[in-house]
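A quick write-up on the structure given underneath.
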There are 2 protein chains.
Amino acid sequence: MDLRKEQILKAIIKEYIFGAEPVSSKTIVNRYGLNVSSATIRNEMAALESLGYIKQPHISSGRIPASSGYRYYVDFLMDDDNIADEFNIIDIDTSNIKNINNYLKEVAIVLAGLSNYTVIITEEKQGEDKIHHLKLVGLLEDKALLVLVLSSQKVKDYVLSFLEKISEEDLKKLTDILNYYLIDKNIEGITPELKQEIINIFPSSPLLVEEIFKIVLKALNEEIKVDIIVEGVKNIFKLPEFSEVKKIESFINTLEDQGQLTKIFNNILGQEKGKIDIKIGDEIGLEELNDFTVIATNCSFCDGVQGKIGIIGPTRMFYEKNITLLESLFKQKEE
Amino acid sequence: MDLRKEQILKAIIKEYIFGAEPVSSKTIVNRYGLNVSSATIRNEMAALESLGYIKQPHISSGRIPASSGYRYYVDFLMDDDNIADEFNIIDIDTSNIKNINNYLKEVAIVLAGLSNYTVIITEEKQGEDKIHHLKLVGLLEDKALLVLVLSSQKVKDYVLSFLEKISEEDLKKLTDILNYYLIDKNIEGITPELKQEIINIFPSSPLLVEEIFKIVLKALNEEIKVDIIVEGVKNIFKLPEFSEVKKIESFINTLEDQGQLTKIFNNILGQEKGKIDIKIGDEIGLEELNDFTVIATNCSFCDGVQGKIGIIGPTRMFYEKNITLLESLFKQKEE
DNA sequence: CATTAGCACTTCAACTCATCGAGTGCTAAA
DNA sequence: TTTAGCACTCGATGAGTTGAAGTGCTAATG
């Protein structure tokens, strides 16, 4: 890869990202004038093709970048600083921040709008969660709130309804008993035997204890489920290279399949924070997404919730812009 | 509309629902043998067409139902009881029921799978919500939970962090003060003057009071937002009549637009419960959905949360099956 | 008078064929 | 090493043809 080859590869990629059409030798001479003729460019293009960086849709067409061409571009050729600042401002109403679900959805919508691609956000499973402590709070006559604080700092609450009225003192007493037995227990520690023991100690409302155990199990179980938000699917229709129903169908099927979605991120990031990870085409590891690129990063949201954010677009995406977008989001969180 | 015309209309609609292709006079003679010739059917078809119930895509093709044809079918011709019971069983893990968001998503996924169409669920704005009462619950040293119970029975909670430690007694005291002043206030009742008054009465933590007011305003504000769940978008790809990218794009754009989605339901149901409402084609009132039918019902989910569920599919949808599906869901909720 | 057999007519979909333009690879010359 | 020039390839476009499906209408029928 001498300098001229790199210049030509960069030119092809920039042209193709912009126009989504095979790039001809003539176009490069006209727009990127390297002081050589189109024939020379053609020779170099043939060389770039045998190196695997570009390819021809058919024998008499111009060249389009191959996955490894994009990879080379991202690793060595990309301009870092050519993005106007106005693109980078992610303006999310931070008064929303108290409600994690709305907040993440808002982030996804804004990011999808700015990037013009599809945004996936997952709220991550934190490994095994334990009960940090819990509390029963009387609400109405026949209702109480069970508040669970998990070791991951997550706070969850569930409304309990009971048939007979239960006094504040009893709720307090039950809270104390439950805390004594349940603190630091993980999902495997919540056994039927333990439940029986507590019912024996607090025999006045066995049904309530049953209910609470059910909920606690559920809550710990939920932590294993990954919550996923997808926004901006419609942006795929703006891309000329996905004008076939088959391709759109495949994309949307993948995005509606939670299993596939988690795979996208599994194949990507480690736990390292702040790093932007870029997977191009088959690097994603899902056949259905071979024509896509995912730019993703780990991100800690409010209240210590861990998650991953990814922008998924065509391999010919505006790399600089979207990397900057994710970086700015991350910086915002750091402040 | 004599009997024979009705029979022919019904035949055309059933055929078209099944096959998505224009129905010819010959097909009707072959499959629905009414002991007349195809010429007679043709005469009747011409009559049905001038009544507006069916139409021809072009002059030499068979007939397809028009919106008013479907309407006539739904109102007068539909078989009520030809659906095998196995279709009607909606099996949702009701242990999920404690968590409204997951539960509704689960309902949507199951219903989308059973119907093979797209399902929209909205959790409804309840008109103006008021504070029923609130409670501050100490959690950790520097954290407390603000639990809001709204007049709509909704329970919301928010984690508060404060700089200095606050004693349980102070939390209790502040809870009492807040309840005294905030109970039965709607969003307009939460004024800066009121906040100042409370800060004067409870001067030890003005920042905390500020924070609480901010959250209370947010919470009441959120109730104006409608939460929307959409599942089964991918099912549109199974429908041959939506094989054009343009149509799919229009559909998905509509579904990603919260404003449009709420319009769908606005134009539909009143407050009547248990009634199934069917809007066919332009009855929906959105140009983009002229080729769709929405079958919808009001539904009260757990804990008094009000919502609407709609199945949206092509005008040639399996009406009986989907009506039964929604009915069975509603019955399940009643139990 | 309702029904129907028969036929002319219309339209769509699929196929072929020719043409054109864009772009390449290769050769030979500079 | 570069380049001018040319033959070649391929896809896209549009025109023309054909066949199948289905209708509407007319005239005959019971």
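Everything quoted here is computed from the prediction, not taken from an experiment. Chain naming here is simple, since letters A, B, ... match the order of the sequence lines and numbering starts at 1 in each.
Pairs engaging residues 57-67 of chain A under the side-chain hydrogen bond (donor to acceptor under 3.5 Å, both in side chains) rule: A/Glu49-A/Arg63 [sequence neighbours left out]. Screening residues 69-78 of chain B for salt bridge (charged side-chain N to carboxylate O under 4.0 Å, His left out) gives B/Arg71-B/Asp75, B/Arg71-B/Glu283 as the qualifying pairs, with residues at least two apart or on separate chains.
A/Thr293 meets the side-chain hydrogen bond (donor to acceptor under 3.5 Å, both in side chains) test with A/Tyr319; sequence neighbours excluded. Judged as a side-chain hydrogen bond (donor to acceptor under 3.5 Å, both in side chains), and not counting sequence neighbours, A/Tyr16 has no contacts. Residues satisfying the salt bridge (charged side-chain N to carboxylate O under 4.0 Å, His left out) test with B/Lys5, not counting sequence neighbours, are B/Asp2, B/Glu44. Applying the side-chain contact (heavy atoms from CB on, under 4.5 Å) test to A/Gln260 and every residue at least two apart in sequence or in another chain returns A/Thr254, A/Asp257, A/Lys263, A/Leu286, A/Glu288. Partners of A/Glu6 under the salt bridge (charged side-chain N to carboxylate O under 4.0 Å, His left out) rule, at least two apart in sequence or in another chain, do not exist in this structure. Listed by chain and number, the residues in a side-chain contact (heavy atoms from CB on, under 4.5 Å) with A/Ile109 are A/Lys105, A/Glu231 (sequence neighbours excluded).
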Based on Watson-Crick and G-U pairs with both distances under 3.5 Å, what dot-bracket line describes DNA chain C 5' to 3', crossing pairs as [ ] and inter-strand pairs as |? ||||||||||||||||||||||||||||||

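With respect to A/Pro22, the side-chain contact (heavy atoms from CB on, under 4.5 Å) criterion is satisfied by exactly one of A/Ile64, A/Thr27, A/Ile54: A/Ile64.
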Interface polar pairs with nucleotides 1-4 of chain D, N/O, under 3.5 angstrom:
from: D/dT2; atom 1: OP1; to: A/Arg4; atom 2: NH1; distance (Å): 3.0
from: D/dT2; atom 1: OP2; to: A/Arg4; atom 2: NH2; distance (Å): 3.2
from: D/dT3; atom 1: OP2; to: A/Ser37; atom 2: N; distance (Å): 2.8
from: D/dT3; atom 1: OP2; to: A/Ser37; atom 2: OG; distance (Å): 3.3
from: D/dT3; atom 1: OP2; to: A/Thr40; atom 2: OG1; distance (Å): 2.5
from: D/dT3; atom 1: O5'; to: A/Ser37; atom 2: OG; distance (Å): 3.4

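Below 30°, between 30° and 60°, or above 60°: for A/Tyr72 and A/Tyr53 the angle between ring planes is between 30° and 60°, a tilted geometry.
Shortest non-hydrogen contact noted between A/Phe242 and A/Pro314 is CE1-CB, 3.8 Å.
Per the geometry, CE belonging to B/Met45 stands 10 Å off C1' belonging to D/dT23, to the nearest Å.
Within residues 51-69 of chain B, the residues that place at least one heavy atom under 4.0 Å from DNA chain D are, in residue-number order, B/Gln56, B/Ile59, B/Ser60, B/Ser61, B/Gly62, B/Arg63.
A/Thr324 contributes atom OG1, which lies 12.5 Å from atom CZ of A/Phe318 (distance to the nearest 0.5 angstrom).
In summary, contact between chain B and DNA chain C, defined as any nucleotide atom under 4.0 Å from a heavy atom of the protein, begins and ends at C/dT3 to C/dC12 in the 5' to 3' direction.
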